[in-house]
Protein chains: 2
Amino acid sequence: MLRCIAGEAAAVMRIDARGIEETGMNIGQAARASGVSAKMIRYYEATGLIPKATRAYSGYRHYTEHDIHILRFINRARAAGFSTLQIRKLLSLWQNRQRPAREVKQLATEHLSELQEKISELEAIADTLSQLIAHCHGDERPDCPILDNFSDADATQAFAEPRRMRRAHPSVHRTSSK
Amino acid sequence: MLRCIAGEAAAVMRIDARGIEETGMNIGQAARASGVSAKMIRYYEATGLIPKATRAYSGYRHYTEHDIHILRFINRARAAGFSTLQIRKLLSLWQNRQRPAREVKQLATEHLSELQEKISELEAIADTLSQLIAHCHGDERPDCPILDNFSDADATQAFAEPRRMRRAHPSVHRTSSK
DNA sequence: CTTGACCTTCCAACGATGGCAAGGTTTAGC
DNA sequence: GCTAAACCTTGCCATCGTTGGAAGGTCAAG
């Protein structure tokens, strides 16, 4: 690519067109400042969740405090378990000064319902499992109500129905998988 | 492929090498009998969770009641939220007559902990979200504590309680292996 | 000039599943 | 026997959010 004329240091004070001082950041610094990994910043850009970053002559992406603001918003919404589609809507509401709070509340309420449904599913599983565990002697003998429950031999199956366990919320599945 | 010599019907009685009668099933019938989709049966075979099915001359996979047994076990373990790795272990314990129930109990206990941790996370999110929702007037005006909570404007927060989900624990780029 | 930290793009993978396509096989009806 | 339907086969793509790596360009410091 083209060579950058000015060998300006990153994260240094810049003067923009309006003469206002801004801190310019490369993607790594933006990542550290926002809590969103550089990988994900590029991903969000590629999927249109955030606008395309301006580029330095070198091709490096360039971020301002405003961008960091947005990234932090996204990060918090994701931490709250919103899907990218929901975040897309939240972002556009956030940036629209004429938004009716009604729409935000509705979005959040829908998400809360999803969360509560998921919680109920997990609790049902956990309750059953803890009962099975409680009834397992857990010593060296091979008989075990947990295995019995999963096998055909047992008439009192607790997990008979193949009810789906969708993991729609990455902030949650993150913790234990991998 | 080679033409099948005997045009035997599926799901019909077959005579195996030892002259023992068995009910033979194609993958579709096995799927219906076990509750595991044909797709997933092939997937489990490909990933080594179940052994490679025997094949008819036609190339069709062939399943016995024993295989259905195993598939049902897997289905129930999955319904209980066990990961494939955990199911792999459960399966080998199930098929080992000298298993100590202790190991099964330990596996189940670990999974229960994971479940409870997930439930706690989701509940923390749901609690915060429902508080935010409760404080949102939800009418046509634009001000909204939900959006405020996701933004940097800390001073304008609707209520200043220890609303965790903030930058504190995004937990998004921590990969806790198991 | 070299080194190393940083950036770029592209490509692959995860887990569990669905879907589709192109082709082979079996079965039922005529 | 012929045909159509219902089945099976493999293989590849897509999901969703995220991480990893490879191959290569850029930049600041020694």
Side-chain angles (χ1 to χ4, degrees), chain A residues 1-12 25-32 36-47 49 52-53 55-63 74-75 77-79 81-88 162 164-178, chain B residues 1-12 24-32 36-47 49 52-53 55-63 74-75 77-79 81-88 170-178:
Chain A
M1 249 211 187
L2 285 178
R3 210 141 237 287
C4 184
I5 314 168
E8 296 226 357
V12 94
M25 299 186 191
N26 286 338
I27 200 170
Q29 295 159 322
R32 265 167 262 133
V36 180
S37 72
K39 278 281 199 202
M40 290 311 297
I41 296 176
R42 293 194 198 97
Y43 173 74
Y44 291 151
E45 179 181 319
T47 57
L49 188 59
K52 291 194 176 179
R55 302 288 185 122
Y57 289 123
S58 61
Y60 285 16
R61 288 175 180 81
H62 180 252
Y63 298 91
I74 292 172
N75 207 29
R78 278 217 54 67
F82 285 93
S83 69
T84 34
L85 177 58
Q86 289 170 321
I87 293 176
R88 215 175 284 266
R164 280 271 42 86
M165 281 201 44
R166 271 260 156 267
R167 48 152 138 269
H169 305 298
S171 64
V172 175
H173 93 277
R174 181 114 300 292
T175 47
S176 62
S177 54
K178 242 326 120 86
Chain B
M1 201 158 251
L2 284 178
R3 210 141 238 285
C4 185
I5 313 168
E8 297 227 355
V12 93
M25 299 186 190
N26 286 336
I27 199 169
Q29 295 160 321
R32 264 167 264 135
V36 180
S37 72
K39 268 288 203 208
M40 289 313 296
I41 295 176
R42 294 194 197 98
Y43 174 72
Y44 290 151
E45 178 182 320
T47 57
L49 187 59
K52 290 193 176 179
R55 302 289 185 121
Y57 290 125
S58 62
Y60 285 15
R61 288 176 181 81
H62 180 251
Y63 297 92
I74 292 172
N75 207 28
R78 272 218 47 69
F82 284 92
S83 69
T84 33
L85 177 59
Q86 289 170 323
I87 293 176
R88 215 174 283 266
S171 77
V172 172
H173 42 42
R174 205 182 339 266
T175 50
S176 64
S177 301
K178 40 186 351 201

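The sequence lines fix the lettering, A, B, ..., with proteins before strands; numbering per chain opens at 1.
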Quiz prompt | Spacing between A:I41 atom CD1 and D:dT18 atom P, to the nearest angstrom | solution = 12 Å
Exercise. Would you classify B:R42 as touching base, sugar-phosphate or nothing, given that sugar-phosphate means primed atoms plus P, OP1 and OP2, and contacts are heavy atoms under 4.0 Å?
Key: base
Practice problem: Would you kindly give the OH-to-C1' distance between A:Y57 and C:dT8, to the nearest whole Å? | Solution: 19 Å
Quiz item: Start at the 5' end of DNA chain D and walk down; is the nucleotide closest to B:K39 or to B:A30 reached first?
Solution: B:A30
Quiz item: Quick one: B:L49 CG to C:dG15 C1', roughly how many Å, whole number?
Solution: 12 Å
Practice problem: Could you tell me the separation between the CE atom of B:M40 and the P atom of C:dG18, rounded to a whole number of Å? | Solution: 8 Å
Quiz item: Which one, D:dT18, C:dT17, C:dT8, comes nearest to the side chain of B:Y44?
Solution: C:dT17
Quiz item: Should A:Y60 be listed as having a side-chain N or O under 4.0 Å from OP1 or OP2 of D:dG25?
Solution: no
Practice problem: Could you state the atom-to-atom distance from CE of A:M25 to P of C:dA5 in whole Å? | Solution: 22 Å
Quiz item: Looking for any heavy atom pair under 4.0 Å, which part of the strands does B:T84 touch: base, sugar-phosphate only, or nothing?
Solution: sugar-phosphate
Quiz item: Atom CD of B:Q29 to atom P of D:dC7: distance rounded to whole Å?
Solution: 9 Å
Self-check item: Heavy-atom check, side chain of B:R32 versus side chain of B:M25, under 4.5 Å
Solution: no
Self-check item: Any B:Y43 side-chain N or O less than 4.0 Å from OP1/OP2 of C:dC14
Solution: no
Practice problem: Write down the atom of B:Y44, the atom of B:V36, and the distance for their closest heavy-atom approach. | Solution: CE1-CG1, 3.8 Å
Quiz item: Does B:R61 put a side-chain nitrogen or oxygen below 4.0 Å from OP1 or OP2 of D:dT9?
Solution: yes
Quiz item: A:N75 CG to D:dG17 C1': how many Å, rounded?
Solution: 13 Å
Quiz item: At under 4.0 Å, does any side-chain N or O of A:S37 touch on OP1 or OP2 of D:dT19?
Solution: yes
Self-check item: Approximate separation, where rounding is to 0.5 Å, of A:L49 CG and A:I74 CD1
Solution: 4.0 Å
Exercise. May I ask you to evaluate whether B:S58 reaches the phosphate of C:dT26, defined as a side-chain N or O under 4.0 Å from OP1 or OP2?
Key: yes
Self-check item: Selection from C:dT17, D:dT19, C:dT9 that lies nearest to any side-chain heavy atom of B:R78
Solution: C:dT17
Quiz prompt | Sub-4.5 Å side-chain heavy-atom contact between A:R55 and A:R61 | solution = yes
Quiz item: Could you give the CD1-to-C1' distance, from A:I74 to D:dT18, as a whole number of Å?
Solution: 15 Å
